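All of these numbers come straight from a predicted model, not from anything done at the bench. All values below were derived from every heavy atom in this structure, side-chain atoms included, with hydrogens, water molecules and symmetry-related copies excluded.
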Amino acid sequence: MSTRIAFLGGGNMAASLVAGLRQAGWAGTDILVVDRNPDKCDALAARHGVTTATSIAEADWRVDVVMLAVKPQVMAGAIAEMRTALGRTSRAPLAISIAAGIPLRVLATWLGDDIECIRTMPNTPSQLGVGATGLYAPPSISADRRDLADRIMATAGINVWVEQEADIDTIIATSGSGPAYYFAFMEAMIDAATDMGLARDSARQLVLQTALGAARMAVESGDDPATLREKVTSKGGTTAEALAYFNNADLAATVAGAMQAAADRASVLAQELAEQAADTHNTNDDR
Ligand SMILES: NC(=O)C1=CN([C@@H]2O[C@H](COP(=O)(O)OP(=O)(O)OC[C@H]3O[C@@H](n4cnc5c(N)ncnc54)[C@H](OP(=O)(O)O)[C@@H]3O)[C@@H](O)[C@H]2O)C=CC1
Ligand SMILES: O=C(O)[C@@H]1CCC=N1
């Protein structure tokens with residue numbers, strides 16, 4: 001029997017995951033995308049043959065899995081609306097959260113007792129099947145449900161399961177946000193090469209192909225990145241000069257600081273959302 005998946009939110013990350021699912025052969029008719037923006041719904045329906053709905057209240061929630069894919073700040077409201085709509089259906093779907101910074105304990109207060117949740121952190125290269133996803137499931141989740149989440153996220157690329165939820169914040173800082181770091185590096189290199197005299201289009205082609213080549217070598221050659229770096233670096237040559245410049249600017253500390261800032265932001269978000277969940281709980285108790 002087929003597994004029906006709904007996406008609560010059809011933005012950048014959901015679109016990437018839908019593309020990965022479709023590329024892996026998941027039937028478009030088994031995928032529902034619920035997004036309030038009709039243009040996004042139309043684009044996903046046209047491109048991937050998925051079913052769409054622009055209203056949470058009116059969507060057909062008879063699904064096996066719900067991917068929680070709206071921004072953290074609007075998740076509580078979207079889940080509340082979905083809960084009301086789900087009231088009509090008899091079985092509770094498995095929820096898979098892709099949101100940064102919302103702990104399972106907070107999601108549980110919003111989802112209710114009957115909906116189990118697995119926390120994941122994918123990234124946008126999922127759209128090409130070369131994504132990287134971190135996953136955490138609490139011990140109470142059955143092996144079958146873990147396998148289901150594993151199967152779904154594996155359509156996006158590689159899966160890495162972690163034993164403690166706190167590691168998801170590190171994964172957000174590493175692979176969740178990571179593509180943006182590489183894109184920023186590419187932008188800086190394109191700008192620099194252009195400033196140094198290359199035509200922008202030539203600079204772009206050279207930078208992007210270099211990034212692709214370096215990534216493929218790092219993945220496929222069997223050598224670790226340090227060895228590959230050494231093989232480019234001739235003694236007394238040009239690469240050594242560039243790397244010395246990076247060292248003087250303390251590139252490693254800059255990268256570590258940026259990643260820590262991303263992880264810290266996830267913790268702050270978690271704290272804010274936990275306080276919001278507690279306030280809602282107290283308000284409901286007061287009624
Ligand atoms: N982008 C990324 O690289 C990654 C993102 N994530 C996580 O994925 C989640 C989504 O991020 P991203 O895809 O970038 O965000 P987007 O803003 O691109 O997508 C969210 C979509 O949900 C829609 N939406 C919001 N509220 C509702 C609602 N009540 N009913 C229907 N639709 C609604 C939004 O519409 P509108 O635009 O009108 O608000 C938007 O189209 C976040 O929680 C993020 O932490 C995780 C890993 C990587
Ligand atoms: O920037 C964000 O918050 C999301 C989570 C990881 C990538 N994008």
Side-chain angles (χ1 to χ4, degrees), residues 3-11 13-14 17 30-36 51-122 133-153 161-162 164-166 168-169 266-267 269-287:
T3 302
R4 274 180 57 76
I5 306 177
F7 283 82
L8 180 63
M13 194 57 238
L17 290 171
D30 284 334
I31 300 173
L32 164 70
V33 178
V34 184
D35 194 290
R36 59 189 172 196
T51 309
T52 61
T54 51
S55 152
I56 296 178
E58 282 159 28
D60 177 359
W61 289 100
R62 284 170 300 175
V63 297
D64 304 288
V65 175
V66 177
M67 307 292 299
L68 305 176
V70 295
K71 295 277 189 210
Q73 293 85 345
V74 298
M75 187 67 84
I79 290 179
E81 251 191 281
M82 181 186 75
R83 273 276 17 160
T84 307
L86 268 171
R88 300 194 302 266
T89 63
S90 53
R91 63 187 171 150
L94 170 67
I96 298 179
S97 171
I98 65 165
I102 316 183
L104 285 175
R105 67 175 192 288
V106 172
L107 286 167
T109 64
W110 296 340
L111 287 166
D113 292 340
D114 55 332
I115 300 184
E116 292 187 314
C117 189
I118 290 178
R119 221 179 136 190
T120 69
M121 181 43 50
T133 300
L135 305 93
Y136 170 78
S140 55
I141 302 273
S142 70
D144 280 355
R145 289 197 138 182
R146 278 168 195 259
D147 287 349
L148 177 57
D150 194 75
R151 202 154 52 85
I152 290 169
M153 300 314 286
W161 285 86
V162 291
Q164 38 184 10
E165 190 179 353
I168 292 287
D169 284 356
S267 298
L269 262 178
Q271 188 57 34
E272 287 171 0
L273 293 168
E275 282 162 15
Q276 182 188 320
D279 284 349
T280 313
H281 194 73
N282 292 341
T283 310
N284 289 342
D285 283 353
D286 291 346
R287 283 201 183 126

**Student:** Could you tell me whether the side chain of S55 and the main chain of A57 form a donor-acceptor pair under 3.5 Å?
**Tutor:**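 Yes; judged by distance alone, with no hydrogens or angles, the pair exists.
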**Student:** Rounded to the nearest 0.5 Å, what separates atom CE in M121 from atom CE in M13?
**Tutor:**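 Between atom CE of M121 and atom CE of M13 there are 8.5 Å.
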**Student:** Give me the atom names and distance for the closest heavy-atom approach of M153 to M67.
**Tutor:**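 Closest approach of M153 to M67, heavy atoms only: SD-CE, 3.8 Å.
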**Student:** Looking only at non-hydrogen atoms, find the nearest pair between D35 and G10 and report the distance.
**Tutor:**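 Answer, listing the atom of D35 first, then G10: OD2-N, 2.6 Å.
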**Student:** Can R83 and D114 be counted as an ion pair, charged N to O under 4.0 angstrom?
**Tutor:**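 Counted as a salt bridge, because a side-chain N and a carboxylate O are separated by less than 4.0 Å.
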**Student:** At what distance, to the nearest 0.5 angstrom, does CD1 of I141 lie from CZ of R119?
**Tutor:**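 Nearest 0.5 Å value for the CD1-CZ distance: 13.5 Å.
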**Student:** So which heavy atom on V65 is nearest to which on L148, and how close?
**Tutor:**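 Answer, listing the atom of V65 first, then L148: CG2-CD2, 3.6 Å.
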**Student:** Considering all heavy atoms of both residues, which atom of A59 and which atom of L32 are nearest to each other, and what is their separation?
**Tutor:**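 Residues A59 and L32, closest heavy atoms: CB-CD2, 4.3 Å.
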**Student:** Given the rule in the side chain to side chain contact (heavy atoms under 4.5 Å, CB included) test, do W61 and I56 qualify, once you have shown the distances and angles that lead to the verdict?
**Tutor:** CA-CA 9 Å; W61 289 100; I56 296 178; 3.8 Å; yes
**Student:** Any side-chain heavy atom of P93 within less than 4.5 Å of one from L86?
**Tutor:**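 Contact flag for P93/L86 side chains = yes.
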**Student:** Does the side chain to side chain contact (heavy atoms under 4.5 Å, CB included) test come out yes or no for M82 and V34, once each step is laid out?
**Tutor:** CA-CA 10 Å; M82 181 186 75; V34 184; over 6 Å; no
**Student:** Exactly one of T84, L8, T109, V70 should register a side chain to side chain contact (heavy atoms under 4.5 Å, CB included) with I79. Which one does?
**Tutor:**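 Testing I79 for a side chain to side chain contact (heavy atoms under 4.5 Å, CB included) against T84, L8, T109, V70 leaves exactly one candidate, L8.
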**Student:** Can you tell me if T120 uses its side chain to pair, donor with acceptor, with the backbone of G134 under 3.5 Å?
**Tutor:**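 Such a contact is absent between T120 side chain and G134 backbone.
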**Student:** Going from CG on L107 to CG on L68, what distance comes out if it is rounded to the nearest 0.5 angstrom?
**Tutor:**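 Here the rounded value is 6.5 Å.
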**Student:** Could you give the distance from CG (D64) to CG (D30), rounded to the nearest 0.5 Å?
**Tutor:**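 Going from CG on D64 over to CG on D30, the span is 8.5 Å.
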**Student:** Could you state the interatomic distance from CG (L94) to CD1 (I5), rounded to the nearest 0.5 Å?
**Tutor:**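 Here the rounded value is 10.0 Å.
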**Student:** Side chain to side chain contact (heavy atoms under 4.5 Å, CB included) for L273 and W110? Distances and angles first, verdict last.
**Tutor:** CA-CA 11 Å; L273 293 168; W110 296 340; 4.1 Å; yes
**Student:** Taking all non-hydrogen atoms of both residues, which atom of S140 and which atom of E116 are closest, and how far apart?
**Tutor:**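 Where S140 meets E116 most closely, the heavy atoms are O-OE2, 3.8 Å.
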**Student:** Could you pull out the closest heavy-atom pair between G9 and A14, with the gap in Å?
**Tutor:**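 Here G9 and A14 meet closest at O-CB, 3.2 Å.
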**Student:** So how far is it from I102 CD1 to K71 NZ, rounded to the nearest 0.5 Å?
**Tutor:**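 Going from CD1 on I102 over to NZ on K71, the span is 11.5 Å.
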**Student:** Do I168 and V162 pass the side chain to side chain contact (heavy atoms under 4.5 Å, CB included) test, and can you show the C-alpha distance, the side-chain angles, and the key distance before you say yes or no?
**Tutor:** CA-CA 8 Å; I168 292 287; V162 291; 4.2 Å; yes
